[in-house]
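Input: a single structure, listed below in structure tokens.
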Amino acid sequence: QKFFGAMKSVLLLLLAICLLFSLLLLSPSKKANLSEVETTINQTKLAAIPVAQSKYTFPSRVQKLLKKNEVVGDRLADIKAGKATVEEALHGEKQHTDEIDKPPMAIDEIIDFFNNYLHELHQVQIQNKFAKFWDIWEAFHDYTVKTLYPWDREYLQRMPVRRLDDSVFLSIASYRDENCFNTITGAYAKAKNPEKLFIGLAQQNCVKKCRSGIFRNGTMVDVAPDQDCHKAFCESDLGREHCLAGRVRALHMDENESLGPYAARYFASKLWYGEQWYMQIDAHMFFRQDWDAISIEMLKNAPSKKPVLSHYPPYDSFDFVKQGPTTPGERLCGPIFADSELEGQIIRLEGAGFDRKVLNTPRFAPFIAGGYFVSHSDFLREVPFDPFLPWIFMGEEILMSTRFWTSGYDIFSPSTNVVSHIYVRREKPKFWESVRRVYTFSVGDPLSLLVLNRVKYLLGYPETAKDMVWPKSVLTAVEQYAMGNERSLEDYLSIVGLDMKKKEVIPTNWCETGQPPKGFEQYAHLYQ
């Protein structure tokens with residue numbers, strides 16, 4: 001009886017194997033969808049399999065990665081555990097530094113890649129509707145490691161040459177912003193040299209089944225789809241010429257694909273194509289007449305080979321005709337450690353310094369604002385935007401300030417105002433509301449705090465030291481988007497008065513009084 005029972009089990013096992021084998025033989029060849037590709041990558045050490053021998057016909061993007069040995073494969077677990085960097089997983093222990101002998105990527109190629117990345121990432125995240133916040137991060141991380149990160153490293157080796165023609169690239173990140181059209185229109189209408197102005201727009205809009213922002217009573221209502229400010233501008237009398245000339249480049253994203261303001265600025269920065277000067281603003285701004293020429297003149301007057309101009313612009317009520325020529329620009333001086341648990345004690349910028357008159361030489365300043373800065377565009381090579389910072393709002397400005405300064409850039413406040421800003425947009429849609437709709441209401445804040453640990457690690461917060469960060473994947477490829485090597489982070493923190501261990505702000509007063517910081521006293525005579 002035992003013998004027949006054993007034989008029965010063996011026969012059933014053989015039958016199951018035969019059925020499985022038959023299904024494999026009978027299944028038609030087809031293109032693998034995203035999940036099939038990822039499963040194959042993880043389960044079969046795909047990086048070692050020649051494309052021609054693969055079971056599936058892979059998408060062209062995956063085939064290119066395979067040929068260049070840039071598929072992470074089964075080492076993804078090592079990366080997430082902090083046991084290997086992405087560079088080591090792709091290229092062995094020695095970092096991959098070979099120059100790519102290819103021309104710059106075309107703008108259409110860049111936009112197509114981003115569209116595919118965002119659409120496919122969204123499909124991955126749809127499956128995480130009710131996931132925990134760490135699982136949402138891991139899904140983003142794993143897909144980005146395999147796609148966006150290798151693309152970014154190649155892009156940085158194929159960047160266009162910076163032109164010396166006083167051209168200006170204007171980076172605009174717009175999230176469901178009703179002021180976007182007026183901002184683009186104002187930029188061209190007020191520019192002294194509009195033929196030298198090129199815009200890179202990352203537009204995040206709702207196109208159907210749209211909801212308002214949250215009203216004061218906590219409710220939301222159905223609203224019409226958002227205006228496509230890119231399309232509207234290109235169809236206008238002013239915009240038609242500039243769009244036909246290729247001066248307005250736009251990436252269109254659905255609101256559900258939004259990864260937050262920093263990520264939108266990352267995408268917009270890749271639409272740069274060799275323009276000499278780079279300016280980053282929000283999508284709700286007004287411009288002074290000849291703002292472009294005035295900005296370039298201030299940069300050239302700054303006592304530095306690598307200057308950055310930045311501050312919090314005045315309110316939108318500022319009258320450029322009556323006040324513009326005679327009103328000095330404010331300086332961005334006062335840092336504080338945020339006391340809200342939702343902000344993770346990250347540095348916020350609040351205080352300001354004032355001058356009595358407009359100076360020819362911009363004064364030194366300690367910080368860069370996300371909503372307005374202007375610099376020469378070489379920083380895109382030296383201080384590239386980090387593709388691993390989705391869903392963050394706070395932390396962008398202190399991270400930019402430290403990375404720029406340690407890379408040898410000197411920060412200045414503009415001597416005079418060239419833009420104004422709409423600061424109050426109550427009841428208008430915000431990106432974190434989309435995050436709560438894509439997933440669940442409770443994951444938005446902890447997800448943002450998890451990603452913020454990457455910023456805090458770079459800034460030297462002791463609670464985010466490498467051995468304390470979880471999950472380790474938060475620090476993937478962090479060395480590629482870290483501080484510069486021309487000046488130390490410790491010197492910067494000392495100059496601006498920040499103690500990360502004690503979470504204390506030490507008064508320095510040089511910004512408030514308009515004096516150069518410690519180590520730059522040789523420029524004091526310029527401000528007498």
Side-chain angles (χ1 to χ4, degrees), residues 47 51 58-72 85-92 94-118 120-121 143-165 167-171 198-202 246-251 259 262-280 306 375-389 403-404 407 409 476-482 484-485:
V51 175
F58 296 106
S60 59
R61 171 182 55 78
V62 177
Q63 293 187 35
K64 290 178 181 178
L65 293 177
L66 286 169
K67 290 178 180 178
K68 294 187 295 182
N69 191 30
E70 291 194 346
V71 173
V72 173
T85 67
V86 176
E87 292 295 318
E88 291 168 350
L90 294 177
H91 309 292
K94 186 177 180 180
Q95 286 200 355
H96 181 62
T97 57
D98 295 341
E99 292 294 328
I100 297 178
D101 186 19
K102 293 182 179 180
M105 298 179 185
I107 290 295
D108 288 345
E109 178 185 356
I110 293 169
I111 292 174
D112 286 345
F113 176 84
F114 283 156
N115 281 330
N116 290 332
Y117 166 78
L118 289 165
E120 292 178 5
L121 176 63
Y143 187 66
T144 298
V145 163
K146 297 171 185 175
T147 55
L148 182 59
Y149 175 74
W151 179 91
D152 187 75
R153 303 315 297 170
E154 179 176 340
Y155 168 87
L156 291 172
Q157 296 183 64
R158 296 174 58 186
M159 292 179 69
V161 176
R162 178 182 179 235
R163 304 194 300 273
L164 301 178
D165 57 359
S167 54
V168 176
F169 179 83
L170 187 62
S171 167
F198 297 80
I199 285 181
L201 171 67
R247 299 186 190 115
V248 183
R249 309 155 190 159
L251 173 66
L259 296 171
Y262 182 88
R265 301 195 205 282
Y266 168 88
F267 294 127
S269 75
K270 303 305 184 184
L271 302 180
W272 171 84
Y273 216 71
E275 288 76 32
Q276 184 172 359
W277 307 104
Y278 188 103
M279 183 170 175
Q280 177 174 291
K306 298 165 71 173
S375 178
H376 71 65
S377 55
D378 276 347
F379 88 88
L380 293 168
R381 291 182 173 85
E382 301 176 73
V383 196
F385 285 82
D386 187 344
F388 289 97
L389 287 176
R403 291 186 64 207
F404 268 78
S407 298
Y409 288 80
T476 290
V478 72
E479 67 282 350
Q480 302 293 344
Y481 308 96
N485 55 18

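Residues His376 and Leu164 are not in side-chain contact: their nearest non-hydrogen atoms beyond the backbone lie 4.5 Å or more apart. Contact annotation: the side chain of Leu148 approaches that of Tyr266 to within less than 4.5 Å [non-hydrogen atoms, C-beta and beyond]. In this structure, Tyr262 and Phe385 have side chains that are in contact, with non-hydrogen atoms separated by less than 4.5 Å. Residues Tyr149 and Gln480 have side chains in contact (heavy-atom distance under 4.5 Å, counting atoms from C-beta outward). Contact of the Leu121 side chain with the Leu259 side chain is registered, since non-hydrogen atoms from C-beta on lie closer than 4.5 Å. In this structure, the side chains of Met105 and Glu154 come closer than 4.5 Å at one or more pairs of heavy atoms. The closest side-chain heavy-atom distance from Thr476 to Phe388 is below 4.5 Å. The shortest side-chain heavy-atom distance between Val248 and Leu201 does not fall under the 4.5 Å cut-off.
Screening Leu170, Leu271, Val168 for a side-chain contact (heavy atoms from CB on, under 4.5 Å) with Ile199, the sole residue that qualifies is Leu170.
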request  = Determine, stepwise, if the pair Ile110 / Arg249 fulfils side chain to side chain contact (heavy atoms under 4.5 Å, CB included).
outcome  = CA-CA 11 Å; Ile110 293 169; Arg249 309 155 190 159; over 6 Å; no
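Ring-centre distance between Phe404 and Tyr409: below the 6.0 Å cut-off. For Tyr117 and Tyr143, the distance between ring centers is under 6.0 angstrom. Two rings, from Phe114 and Phe267, have their centers less than 6.0 Å apart. A ring-centre distance under 6.0 Å is not found for Tyr273 and Phe169.
A cation-pi arrangement is present between Arg162 and Trp277, with the terminal nitrogen or guanidinium carbon under 6.0 Å from the aromatic centre and inside a 45° cone about the axis. Seen from the ring of Tyr481, Arg153 counts as a face-on cation partner, given the 6.0 Å and 45° thresholds.
In this pair, Tyr278 and Phe379 present their aromatic rings perpendicular. The plane angle is above 60°, beyond the 30 to 60° band.
The minimum heavy-atom distance linking Glu275 with Ser167 is given by the pair CA-OG, 3.2 Å. For the residue pair Asp165 and Gln276, the shortest heavy atom distance occurs at N-OE1, 3.0 Å. Across Ser269 and Leu380, no two heavy atoms sit closer than the pair CB-CD2, 4.0 Å. Ser407 and Gly484 get closest at one heavy-atom pair: OG-CA, 3.4 Å. Closest of all the heavy-atom pairs between Pro160 and Gly274 is CB-N, 4.0 Å. Across all non-hydrogen atoms, the minimal contact from Pro387 to Thr144 is O-CG2, 4.2 Å.
In this structure, Asn116 CG and Ile111 CD1 are separated by 12.0 Å, a value rounded to the nearest 0.5 Å. How far CE of Met279 is from OG of Ser171: 10.5 Å, rounded to the nearest 0.5 Å. Rounded to the nearest 0.5 Å, atoms CD1 (Ile107) and CG (Asp112) are 11.0 Å apart.
Within the 3.5 Å criterion, the main-chain N or O of Glu382 finds no donor-acceptor partner in the side chain of Arg403.
The pair Asp378-Lys306 does not meet the salt-bridge criterion, since no charged nitrogen lies less than 4.0 angstrom from a carboxylate oxygen.
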